[in-house]
Amino acid sequence: MLSEPRSGRLAAWGNALLTGLVSPDDAVLAVVGGDAVHRVEGLPGEPAPVGLTLALGRLRALGVTGLRVALPVPGHPLGLSGPPEFNARALEVEEAVVCEGAALGLVPEVREAGPEGDVHVEVVWHCLPVREAPPADVPSLGEAERELAEALREATEVLTRLDVAGSGPVAEAAIDAYRARAAASRGLEVLAPGYPPRAVRVLELAQRVGALVALAGGGGHGGAVSASEMAARAVALRPVERTARRAQVAAYNSVVEARGV
């Protein structure tokens with residue numbers, strides 16, 4: 001969870017574009033990031049896939065006023081509201097964008113193309129109908145921040161109890177890599193223009209908690225070696241990971257919530 005999901009980039013910069021805070025070119029550049037190209041397939045009125053610039057303009061013309069993020073996993077349809085076809089696609093990749101103002105949603109499909117040694121990533125966003133209903137289990141920004149503070153304490157306790165930091169060179173390398181990524185991310189723009197500082201703070205903390213959970217839950221790390229001990233570790237970490245995902249969604253959706261869209 002340390003890295004930003006593509007649905008997060010699309011929602012954040014799409015919201016900034018919809019409110020006139022960034023240009024279409026800047027928004028698309030930020031959404032695409034290190035990928036080669038993004039296209040949108042199934043957009044109403046478009047018989048073939050279109051580029052992201054045209055797609056965002058068409059969504060605005062269709063009445064879209066905001067973009068929300070969904071980060072569901074099996075058993076936790078976070079941010080989804082149906083119908084089953086859309087939910088199933090979103091659950092398969094564990095992310096989606098849901099439009100406000102039009103009953104549409106976008107689910108990414110990531111494809112690799114090119115010869116060996118020169119592989120690039122292409123993303124196709126599948127545009128599908130969604131049910132207009134409140135999204136599932138999304139907290140307010142304030143609730144998410146309070147929950148995260150407790151989740152970070154719990155994650156730290158689990159790491160200490162499992163002796164993740166003292167379990168050998170593999171775990172130590174993973175911890176060093178996490179610290180390096182966290183240091184490299186300082187000072188970078190976490191969210192698009194228009195997001196409040198509190199949303200940035202919540203998202204950064206959510207990513208930190210998520211990274212710690214991934215580290216503690218990774219195979220081969222920590223003192224737990226038996227199947228039963230690893231199962232107990234997973235159970236202990238599950239509510240922490242859930243809280244971090246809920247907080248990420250709350251941060252990305254905060255500007256839409258603030259406008260009462």
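Of the possible donor and acceptor atoms, none in the side chain of N87 sits under 3.5 Å from a partner among the backbone N and O of L80. The backbone N or O of G114 lies less than 3.5 Å from no partner atom in the side chain of D118, so there is not a single donor-acceptor pair. A donor-acceptor contact shorter than 3.5 Å is absent between the side chain of R68 and the backbone of N253. Distance alone, capped at 3.5 Å, is enough to place a donor-acceptor pair between the Y195 side chain and the Y252 backbone.
Of all non-hydrogen atoms in P47 and G45, the two that sit nearest each other are CD-O, 3.7 Å. In plain terms, the two heavy atoms of A102 and L62 that are nearest each other are CB-O, 3.9 Å.
Residues satisfying the side-chain contact (heavy atoms from CB on, under 4.5 Å) test with A113, not counting sequence neighbours, are H120, E122. Shown here are the salt bridge (charged side-chain N to carboxylate O under 4.0 Å, His left out) partners of E94, two or more places apart in sequence or in another chain: there are none. For the salt bridge (charged side-chain N to carboxylate O under 4.0 Å, His left out) test, residues two or more places apart in sequence or in another chain that qualify with D35 are R6, R9. Under the side-chain contact (heavy atoms from CB on, under 4.5 Å) criterion, A133 pairs with S81, R131, not counting sequence neighbours. For S7, the side-chain hydrogen bond (donor to acceptor under 3.5 Å, both in side chains) partners are E95, not counting sequence neighbours. In terms of the side-chain contact (heavy atoms from CB on, under 4.5 Å) criterion, residue partners of A96 (sequence neighbours excluded) are, by chain and number, A70, F86, A90, V107. S140 is linked by a side-chain contact (heavy atoms from CB on, under 4.5 Å) to E143, counting only residues two or more places apart in sequence or in another chain. Residues forming a salt bridge (charged side-chain N to carboxylate O under 4.0 Å, His left out) with E147 (at least two apart in sequence, or on another chain): R246. Checked against salt bridge (charged side-chain N to carboxylate O under 4.0 Å, His left out), R60 has no partners two or more places apart in sequence or in another chain. Every residue meeting the side-chain hydrogen bond (donor to acceptor under 3.5 Å, both in side chains) condition with E109, not counting sequence neighbours, appears here in chain and number order: R111, H126. Every residue was checked against the side-chain hydrogen bond (donor to acceptor under 3.5 Å, both in side chains) condition with R39, not counting sequence neighbours, and none meets it.
Hydrophobic clustering (ILVMFWY, side-chain heavy atoms < 4.5 Å, transitive): V64 and V31 are in one cluster. One hydrophobic cluster holds both L52 and L106 under the rule that ILVMFWY side chains link at heavy-atom gaps under 4.5 Å.
Annotation: side chain of V255 is not in contact with side chain of T19 (no heavy-atom distance under 4.5 Å). Looking at D137 and V249, their side chains never come closer than 4.5 Å, going by heavy atoms from C-beta outward. Between E204 and V200 the shortest side-chain heavy-atom distance falls below 4.5 Å. Residues L18 and T65 have side chains not in contact (no heavy-atom distance under 4.5 Å, counting atoms from C-beta outward).
Rounding to the nearest 0.5 Å places CG of L67 at 7.0 Å from CG of L59.
Electrostatic pairing of E150 and R146 does not count as a salt bridge here, judged by no charged N lying under 4.0 Å from a carboxylate O.
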If you apply the rule side-chain contact (heavy atoms from CB on, under 4.5 Å), what do you find for L78 with V73, and how did you get there?
CA-CA 7 Å; L78 176 63; V73 295; over 6 Å; no

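Counting only residues at least two apart or in different chains, salt bridge (charged side-chain N to carboxylate O under 4.0 Å, His left out) contacts with residues 42-59 comprise E46-R58.
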